[in-house]
There are 2 protein chains.
Amino acid sequence: MKGKIAIPRTTIERLPLYYRCLAKLDKMDIEVISSKELGERIGVPSTQVRKDLSYYGEFGRRGVGYEVKLLLKNLERILGLNNHWPIVLVGAGNLGRALVNYEGFRKLGLEIKAVLDTDLNKIGNSISGITVQSIKNLKEVVEKYNIKMGIIAVPAASAQQVADQLVSVGIKAIWNFAPTRIIVPEDVKVKNEDLSVGIIGLVYHLARNE
Amino acid sequence: MKGKIAIPRTTIERLPLYYRCLAKLDKMDIEVISSKELGERIGVPSTQVRKDLSYYGEFGRRGVGYEVKLLLKNLERILGLNNHWPIVLVGAGNLGRALVNYEGFRKLGLEIKAVLDTDLNKIGNSISGITVQSIKNLKEVVEKYNIKMGIIAVPAASAQQVADQLVSVGIKAIWNFAPTRIIVPEDVKVKNEDLSVGIIGLVYHLARNE
DNA sequence: TAGATTGTTAATCGATTAACAATC
DNA sequence: TAGATTGTTAATCGATTAACAATC
């Protein structure tokens, strides 16, 4: 393990894949796995698996492989999944509703604590037991639940404004589903989950092979 | 422009960003833009913009910049957005419903022509005017509308099975929202839009800065 | 012409992978 | 021990960026 060298962005992006694969292996009661097998399951070479993990420590046994439970625990810690993370969601449209119902969250220690919107027609509605509140309550709910993560599921036109509000109440991580780039201070991390970009990439490949 | 050199994966990923930015500029009646300005708007250096575009041709005028309408038209052609692309969606859950209602599609020439599911409770329901059909009708609808693109919005456990069915009826591009890797023949392009991977990356950064 | 900006080459930077000593 | 597999170094590969001639 190296102390100083920056961890490649691509390595960090693969960690969730290792994590999920190991969780599955553990469920199947598989106790030990080699970097070769693990790599095959997620589609990367064994050297890549070993290199990626080496940035965080030595988790394997030479000649044997990696103990699934042990590596899983370590990845959980590295990824921050041993904590509970409350979330505020802004935007109670179709996508917002889908996200509230997304089963993947709770399993990861994530929980949408509040759903906010500006639309008076939506405020007061219930989504899977959560009442949609006015965006005016943002500060209140963020403080109440000690929320650090926000989801933007509003139209592109209001995304920046929502981002500004989130930043102003101390949100440090934003998952942005609006199809636009949002500008935030350096210490706030943004993950753009831009659906139209994803599908345009697919169309590109389709068009090439016609 | 080079004929032989492979176009970097990262360049292809940026094309949709250029496209969307130019569409916005065109709407604002901006007629000419430099690589510097375009780059600033999407967060890449001007050299990157010029290099990326150079893989496809020469679209600018030295000393002047890029004519917005002209470059937009070219990107539209390059990305395959000048065609109409019918889509079949498998999975009528929350996410499926959100996708059917996603406004971004039609603007790109994309249209969900049919929604399929295995769940008898969902078959027959109407989602924004589209009646959910049995997966058994897959072959029929794909042939009827000449569909080449499929969306998987089913649980991880059935994703591979759905992928196999899509491949067997001639689908060439799959947008996979299930949180699992699907295995398909080489000539089928898969775009994984794995929400839990995205959010784990955010949690990682949050956990680091605490 | 003088200033601006493209398209492209070459240098740099960063990520992947091959190779192998360490060791179970 | 013999076979297997890790962790790490060094080589390779691919992408980004600096520099600049071409030219509007």
Side-chain angles (χ1 to χ4, degrees), chain A residues 1-18 21-22 25 30-75 78 201 204, chain B residues 1-18 21-22 25 30-75 78 201 204:
Chain A
M1 179 188 180
K2 298 300 169 48
K4 287 289 164 182
I5 290 176
I7 296 168
R9 187 184 44 78
T10 45
T11 290
I12 296 167
E13 286 169 8
R14 279 187 293 269
L15 295 181
L17 303 177
Y18 298 135
C21 185
L22 286 160
L25 290 166
I30 290 168
E31 293 180 359
V32 174
I33 192 155
S34 67
S35 57
K36 185 158 173 292
E37 277 181 273
L38 184 53
E40 273 165 12
R41 281 172 180 271
I42 67 165
V44 302
S46 67
T47 34
Q48 184 110 76
V49 174
R50 298 201 299 280
K51 182 83 180 163
D52 284 343
L53 296 176
S54 77
Y55 289 108
Y56 299 96
E58 303 191 3
F59 306 114
R61 288 180 68 196
R62 291 168 195 236
V64 179
Y66 298 88
E67 201 189 312
V68 172
K69 271 193 203 305
L70 181 71
L71 184 52
L72 187 60
K73 275 286 163 209
N74 274 289
L75 279 171
I78 291 163
Y204 173 88
Chain B
M1 180 188 179
K2 296 299 167 47
K4 287 289 166 184
I5 291 176
I7 295 167
R9 188 183 44 76
T10 45
T11 290
I12 296 166
E13 286 170 8
R14 279 187 294 270
L15 295 180
L17 303 178
Y18 298 135
C21 185
L22 286 159
L25 290 167
I30 290 168
E31 293 181 357
V32 174
I33 191 157
S34 67
S35 58
K36 186 157 173 288
E37 277 181 274
L38 185 53
E40 274 165 13
R41 280 172 180 271
I42 67 165
V44 302
S46 67
T47 35
Q48 184 111 74
V49 174
R50 297 201 299 279
K51 182 85 180 159
D52 284 343
L53 297 175
S54 77
Y55 290 107
Y56 299 95
E58 304 190 2
F59 306 113
R61 288 179 70 195
R62 291 167 193 233
V64 179
Y66 298 89
E67 201 190 312
V68 172
K69 271 193 200 307
L70 182 71
L71 184 52
L72 187 60
K73 274 288 162 207
N74 274 289
L75 278 171
I78 292 163
Y204 173 88

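All chains are named by letter (A, B, ...) in the order of the sequence lines, taking the proteins before the strands, and each is independently numbered beginning at 1.
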**OP:** Any strand is fair game: report the nucleotide pairing with C:dC24 by Watson-Crick or G-U wobble, both distances under 3.5 Å, or none.
**Re:** D:dG3

Original post:
How is A:S34 classified with respect to the nucleic acid when contacts are heavy atoms under 4.0 Å: base, sugar-phosphate, or nothing?
Top reply: sugar-phosphate

Subject >> Gap between atoms CD and P, on B:E58 and D:dC24 respectively (whole Å) >> reply: 10 Å

**OP:** Measure from OH on A:Y55 to P on D:dT8 and round the result to the nearest Å.
**Re:** 11 Å

**OP:** Scan B:S35 against the nucleic acid and name what it touches under 4.0 Å (heavy atoms): base, sugar-phosphate only, or nothing.
**Re:** sugar-phosphate

Subject >> Any A:T10 side-chain nitrogen or oxygen under 4.0 Å from OP1 or OP2 of C:dT16 >> reply: yes

**OP:** Classify the nucleic acid contact of A:R61 as base, sugar-phosphate or nothing, counting any heavy atom under 4.0 Å across all strands shown.
**Re:** sugar-phosphate

Subject >> Minimum-distance nucleotide to B:K51 side chain [options: C:dA15, D:dT16, C:dA18] >> reply: D:dT16

Subject >> B:I33 side chain reached by B:L71 side chain, heavy atoms, under 4.5 Å >> reply: no

Original post:
Taking only N and O in the side chain of A:Y66, is any of them less than 4.0 Å away from OP1 or OP2 of C:dC24?
Top reply: no

Original post:
Going through the checks in order, is the salt bridge (Lys or Arg N to Asp or Glu O under 4.0 Å) test met by B:E37 and B:R41?
Top reply: CA-CA 6 Å; B:E37 277 181 274; B:R41 280 172 180 271; 5.5 Å; no

**OP:** Apply the side chain to side chain contact (heavy atoms under 4.5 Å, CB included) test between A:Y18 and each candidate in A:V44, A:I78, A:L72; give the one that qualifies.
**Re:** A:V44

Subject >> B:E31, CD: over 12 other non-hydrogen atoms inside 6.0 angstrom >> reply: no

**OP:** Please determine if a side-chain N or O atom of B:Y56 lies less than 4.0 Å away from the OP1 or OP2 oxygen of C:dG7.
**Re:** no

**OP:** Between A:P45 and A:V64, just flag the one whose closest nucleotide in DNA chain C comes earlier from the 5' side.
**Re:** A:P45

Original post:
Any side-chain N or O of B:R50 less than 4.0 Å from the OP1 or OP2 oxygen of C:dG7?
Top reply: no

